[in-house]
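The next block holds one structure in the form of structure tokens; read it before the comments.
Letters A, B, ... are given to chains in the order of the sequence lines, protein chains preceding strands, and every chain is numbered from 1.
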2 protein chains.
Amino acid sequence: MASTEDTIAVRISKELADRIISGAIEPGSRLRQDHVAEEFNTSHVPVREAFRRLEAQGLAISEPRRGVRVASFDLGEVREVAEMRAALEVLALRHAAPHLTASILDQADEATKAGDKSRDVRSWEEANRTFHRLILAPCNMPRLLSTIDDLHAASARFLFAAWRSEWETRTDQDHRAILSALRQGNTESAATTLGRHVQWIGQKPVKTASGRTRDAFAIVG
Amino acid sequence: MASTEDTIAVRISKELADRIISGAIEPGSRLRQDHVAEEFNTSHVPVREAFRRLEAQGLAISEPRRGVRVASFDLGEVREVAEMRAALEVLALRHAAPHLTASILDQADEATKAGDKSRDVRSWEEANRTFHRLILAPCNMPRLLSTIDDLHAASARFLFAAWRSEWETRTDQDHRAILSALRQGNTESAATTLGRHVQWIGQKPVKTASGRTRDAFAIVG
DNA sequence: TTGTGTGAAATTATAGATAATTTCTTTATT
DNA sequence: AATAAAGAAATTATCTATAATTTCACACAA
């Protein structure tokens, strides 16, 4: 962790992002600058800068003079993020494909296996994110990649909100189909599968705070 | 202008964004917080927050302890922004199409005419942006729309850098074709044209500071 | 009950002051 | 002349203090 190199504001924003994504802080709850400042043993100036970062990532919403709260989300936003990911990841893959090496594809295969073996959401999500990053990074489009990263952060949040604890292992056929197409140089087929893959929205009943049961939705790809 | 409602940081970031986009501040030049603070008659705390905003929009780059500078760009980034716009605007249009009314399409037609009549880049850019926003806004996907807005800001910057002053009026056939397809309910055709339209990169010789001539590139759609 | 003021407490937003780091300039050395 | 070292100036990052605004709790009236 290069956290000693980072500025305090960056360190705080990373830590808060992690908590928001993992669900440790509830959607809608307020982020109070003095409290955060006290926790991190700083003044609130870097805290405010951290808030601006979270805002840009779509993890928090700030209303002037009324403070910052953790962004809430609904099925509409899950769909929106899924479709944006589909459009942008397909674009990235088309550009990355010519630069993919056997070594990268092997690593992506490893990530897929790690995902299949995962017995909890957190490690599945990490493996999945690694897979996507591996095959997309060689596109060499920094702006595109950072937008995709933000969308993955949002996806992870939806996922953890739905699959809070229980997780069934499953074999990711899509990842395998994508890798196989890429190995054969069939970029179009890989892109098509990827586009469908990231739009797959899983559905799961969860118990709400009030004891009732409702359906939660998340992107599972 | 609702600037009195905004926080000082927002006001500063908007003003600086405008200067960066218009080219009033050169790419690569440093943004010094004390100087900006003095100009706006504030302390540097809101200035720093404004910098974080610019960073998120991709208009400035900040290096810890070394300050913030105006982001520079090259042909690669112009292409990247063009492709991202194509992917995302097509997505937005597909969702917006069912909600488009005759009134909206008429307004878009007006915007096209205004663009054709424009005798300078700035007013052409504004009309063009209005056109795109009109036909995309009804998609009702806030995250997508704000990402597209940032990309339009980048596009405008490329454009002003290339077409600093001279501008030839021209008739935008693409806009007309898109509107006509939309009126006929042919969303796919409109989307295809839009995707191509936004990726059209114009090329123009410009004189550099050192008196030499090189080619500048910009998105002209 | 429901709604509406009112004041205290909490919180945000900004200013001014300080410490730490980088950049620039000048001077010495090969 | 070119390069390196050293010190001064400028600049960033942070902290402490203050002003302005919002939120909350509670009382009172409809």
Task: Quiz item: B:His44 side-chain donor-acceptor pair to C:dT14 base, under 3.5 Å - done: no
Open item on the list: Once you apply a heavy-atom cut-off of 4.0 Å, does B:Arg30 come out as touching a base, just sugar-phosphate, or nothing?
Closed with: sugar-phosphate
Open item on the list: Less than 3.5 Å apart, any donor N or O on the side chain of B:His152 or B:Glu89 sitting next to an acceptor on the other?
Closed with: yes
Open item on the list: Looking at B:Arg66, I'd like to know whether one of its side-chain N or O atoms comes within less than 4.0 Å of OP1 or OP2 on C:dT21.
Closed with: no
Open item on the list: Less than 4.0 angstrom between a side-chain N/O of B:Thr7 and OP1 or OP2 of C:dT12, yes or no?
Closed with: no
Open item on the list: Tell me whether B:Arg143 at atom CZ has more than 12 heavy atoms from other residues, nucleotides or ligands lying less than 6.0 Å away.
Closed with: yes
TODO: Answer with yes or no whether the side chains of A:Asp106 and A:Ser103 bring together a donor and an acceptor at under 3.5 Å.
DONE: no
Open item on the list: Just the rounded figure in Å: distance from C1' of C:dT11 to CZ of A:Arg65.
Closed with: 11 Å
Task: Gap between atoms CD1 and P, on B:Ile8 and D:dA19 respectively (whole Å) - done: 16 Å
Task: Distance in angstrom units between B:Arg48 CZ and D:dT14 C1', rounded - done: 8 Å
Task: Nearest-angstrom distance from the residue atom CD of B:Gln33 to P of D:dT12 - done: 5 Å
Task: Short side-chain N/O contact to D:dT12 OP1/OP2 from B:Arg32, under 4.0 Å - done: no
Open item on the list: Expressed as a whole number of angstroms, how long is the span from A:Arg53:CZ to D:dA13:P?
Closed with: 11 Å
Task: Distance in angstrom units between A:Leu31 CG and C:dT11 P, rounded - done: 12 Å
TODO: May I have the distance from B:Asp34 (atom CG) to C:dT18 (atom P), rounded to whole angstrom?
DONE: 15 Å
Task: Separation between CZ of B:Arg66 and CZ of B:Arg30, rounded to the nearest 0.5 Å - done: 9.0 Å
Open item on the list: Let's go through A:Ser155 and A:Arg85 carefully: what are the C-alpha distance in whole Å and the side-chain angles of both, what is the deciding distance for side-chain hydrogen bond (donor to acceptor under 3.5 Å, both in side chains) to 0.1 Å, and is it a yes or a no?
Closed with: CA-CA 9 Å; A:Ser155 293; A:Arg85 275 188 55 192; 3.0 Å; yes
Task: Integer-rounded Å distance: C:dA13 C1' and B:Arg52 CZ - done: 17 Å
Open item on the list: D:dT11, OP1 or OP2 - any side-chain N/O from B:His35 closer than 4.0 Å?
Closed with: yes
